[in-house]
Amino acid sequence: MKILVTGACGYTGSVLTQKLQGYGHEGIGWDTQWFGNHIGLTDAPTDVRHQTDIPDGTEAIIHLAAIANDPSVAYYPRLSWETGALATMQLCEAAVRQGCKRFIFASSVSVYGADRGFVTETDDLRPLSDYNKVKMATERVIISYAMKLNPVIIRPATVCGLSPRMRMDLTVNMLTGQALSDGVMTLHGGQQWRPSIHVQDLTNLYVNLSVGHLDKLVGIFNAGFENHTLLDIAQKVKAKVGGTIDITEERDRRSYQVNSDKLLKHFRPEYCIDDAIDELADAYADGRLALKDPQWNNLKWMEQLGVKDE
């Protein structure tokens, strides 16, 4: 099966692309490769903003390409909107022209906003940041093609775990990295809730949605199987790798818990936060993970590359 993965070299995309290839599917990878190519992708660097057609015979699209996280989108607002809503509209149009019927989009649970308690797919969206707003608007674009593309929109929780292209600016990964490298985890508040999902579970979900038993599933689904406060996560890290916890008075406004019962009717996770902490600790111990590599922080690396907001 021919599958187009946008953002194929990213944190989630690099795990997913390898997984699809391992199952024998013909994967087409689009990625700017700003953060490197850690999976030996043979496709040339590709910017989704500049693509008006998809390869002939594409049977499914897994759309991961985006400017990721709040700080990066705040710094690159124009680039974020163009990569998000505008490029996605082009991609949907190309899919319709080519007769591609399967469109899978990686949104975010952050579209719900802050201090919501448990949120379900029927709750209204209250995005706080530009990152959240871009994701919400991109969802709306895809929904407008629902009669032609059979789309499924996944709203993942914060992803964690080991990947060929790491990210150390994500909650579980960041706290584990701080504990391993500095011995101190810094929490801004600590009582905020964070839902989490392991990168292996998320990529297994995308595989099943594209070529597995969920290939006909449509709609919007939350994907977050653990809800913990930041302090709870830090305590998990401390129990496994040591370190102390420093709590500052500054408070991160984001706080929400995710109900994923709708997805759990179709898909069961196999991994958890503890697995992610163990993976990172093992990779650090045997020299496979450089915790402070600037490539593992989206905004720092984009600034270092000299990426312009245009």
Side-chain angles (χ1 to χ4, degrees), residues 9-16 18-19 34-39 68-72 108 110 156-204 224-252 254-255 269-305:
C9 293
Y11 175 59
T12 300
S14 58
V15 177
L16 174 62
Q18 288 184 320
K19 200 167 281 189
W34 288 341
F35 302 96
N37 177 2
H38 301 278
I39 56 174
N69 77 20
D70 290 300
S72 298
S108 168
S110 66
T158 304
V159 191
C160 60
L162 197 63
S163 165
R165 189 264 142 164
M166 272 306 298
R167 280 188 59 189
M168 300 305 296
D169 53 1
L170 297 167
T171 303
V172 174
N173 298 353
M174 178 179 66
L175 292 175
T176 304
Q178 288 177 355
L180 289 169
S181 63
D182 304 325
V184 180
M185 292 169 279
T186 302
L187 303 181
H188 300 303
Q191 296 307 311
Q192 306 94 312
W193 287 91
R194 285 289 187 278
S196 299
I197 184 171
H198 196 287
V199 68
Q200 291 294 335
D201 282 326
L202 183 56
T203 51
N204 285 341
F225 305 115
E226 293 181 83
N227 292 282
H228 298 283
T229 66
L230 292 177
L231 182 57
D232 288 339
I233 295 172
Q235 294 285 12
K236 283 180 173 289
V237 175
K238 182 178 179 180
K240 285 187 167 289
V241 303
T244 61
I245 301 170
D246 178 35
I247 300 177
T248 73
E249 293 183 3
E250 180 185 354
R251 186 183 185 278
D252 184 338
R254 295 171 298 164
S255 181
E270 300 176 15
Y271 298 83
C272 65
I273 286 174
D274 288 338
D275 295 319
I277 297 169
D278 288 340
E279 290 169 2
L280 269 64
D282 290 345
Y284 176 67
D286 62 22
R288 289 180 291 123
L289 178 60
L291 296 172
K292 295 190 176 182
D293 188 327
Q295 282 192 64
W296 304 158
N297 182 296
N298 280 7
L299 179 56
K300 288 181 180 179
W301 189 246
M302 290 172 72
E303 288 183 283
Q304 188 166 321
L305 287 177

Q: Assess the residue pair Lys19 and Asn204 against the criterion (side-chain contact (heavy atoms from CB on, under 4.5 Å)); give the C-alpha distance rounded to whole Å, side-chain angles, the decisive distance to 0.1 Å, and a yes or no.
A: CA-CA 8 Å; Lys19 200 167 281 189; Asn204 285 341; 2.9 Å; yes
Q: Drop me the distance from Ser72's OG to Leu299's CG, to the nearest 0.5 angstrom.
A: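 CG of Leu299 is found 4.5 Å from OG of Ser72.
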Q: At what distance, to the nearest 0.5 angstrom, does CG of Asp274 lie from SG of Cys160?
A: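 So the CG of Asp274 and the SG of Cys160 are separated by 9.5 Å.
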Q: Salt bridge (charged side-chain N to carboxylate O under 4.0 Å, His left out) with Asp246: which residues, sequence neighbours excluded?
A: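 With neighbours one apart ignored, the set is empty.
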Q: For the residue pair Gly224 and Ala157, what are the closest heavy atoms and their distance?
A: CA-CB, 3.6 Å
Q: Checking Glu226 side chain against Ile273 main chain: does a donor-acceptor pair fall under 3.5 Å?
A: yes
Q: Identify the heavy atoms of Val199 and Thr12 that sit nearest to each other, and give their distance.
A: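 For Val199 versus Thr12, the nearest heavy atoms are CG2-CA, 4.1 Å.
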Q: Quick check for you: to the nearest 0.5 Å, what is the distance between Leu289 atom CG and Asp282 atom CG?
A: 11.0 Å
Q: Counting N and O atoms only, with roles assigned by atom type, does the side chain of Asp169 sit under 3.5 Å from a partner on the main chain of Asn298, one being a donor and the other an acceptor?
A: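 Yes; judged by distance alone, with no hydrogens or angles, the pair exists.
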Q: Mark yes or no for whether Asp286, through its side chain, and Arg288, through its backbone, hold a donor-acceptor pair below 3.5 Å.
A: yes
Q: With heavy-atom distances below 4.5 Å as the criterion, would you say the side chains of Met185 and Ile245 are in contact?
A: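 Yes; the side chains approach each other to less than 4.5 Å.
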Q: Using modelled atom types and a 3.5 Å cut-off, is there a donor and acceptor pairing between side-chain atoms of Gln192 and backbone atoms of Gly190?
A: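 Side chain of Gln192 to backbone of Gly190, a donor-acceptor pair under 3.5 Å: yes, one is there.
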Q: Would you say the side-chain atoms of Asp201 pair up with the backbone N or O of Glu270, donor to acceptor, closer than 3.5 Å?
A: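 Here the side-chain-to-backbone pair exists.
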Q: Could you check Ile233 against Leu187 for side-chain contact (heavy atoms from CB on, under 4.5 Å), going step by step and ending with a plain yes or no?
A: CA-CA 10 Å; Ile233 295 172; Leu187 303 181; over 6 Å; no
Q: Is there a side-chain contact between Leu280 and Met168 in this structure, where contact means two heavy atoms from C-beta onward sitting under 4.5 Å apart?
A: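 A side-chain contact under 4.5 Å exists here.
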Q: List the atom of Gly161, the atom of Tyr11, and the distance in Å for their closest heavy-atom pair.
A: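 For Gly161 versus Tyr11, the nearest heavy atoms are O-OH, 2.6 Å.
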Q: Taking the side chain from Gln18 and the backbone from Ile39, do they hold a donor-acceptor pair closer than 3.5 Å?
A: no
Q: Which heavy atom in Gln304 sits nearest to a heavy atom in Pro294, and how many Å separate them?
A: OE1-CB, 3.8 Å
Q: Do the non-hydrogen side-chain atoms of Gln200 and Asp275 ever get within less than 4.5 Å of each other?
A: no
Q: Taking all non-hydrogen atoms of both residues, which atom of Trp296 and which atom of Met166 are closest, and how far apart?
A: CE3-O, 3.2 Å
Q: Which atom names give the shortest non-hydrogen contact between Trp34 and Trp301, and what distance separates them?
A: O-NE1, 2.7 Å
Q: Side-chain contact, heavy-atom cut-off 4.5 Å: Val184 with Gln178?
A: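 When only atoms from C-beta onward are counted, Gln178 and Val184 do not touch, as no gap falls below 4.5 Å.
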Q: Checking Ser255 side chain against Trp193 main chain: does a donor-acceptor pair fall under 3.5 Å?
A: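 It does hold such a pair.
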Q: Output yes when a side-chain donor or acceptor of Arg165 lies under 3.5 Å from a complementary backbone atom of Gln295, and no otherwise.
A: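 Side chain of Arg165 to backbone of Gln295, a donor-acceptor pair under 3.5 Å: yes, one is there.
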Q: Could you tell me the separation between the CG atom of Leu170 and the OG1 atom of Thr158, rounded to the nearest 0.5 Å?
A: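 Between atom CG of Leu170 and atom OG1 of Thr158 there are 7.0 Å.
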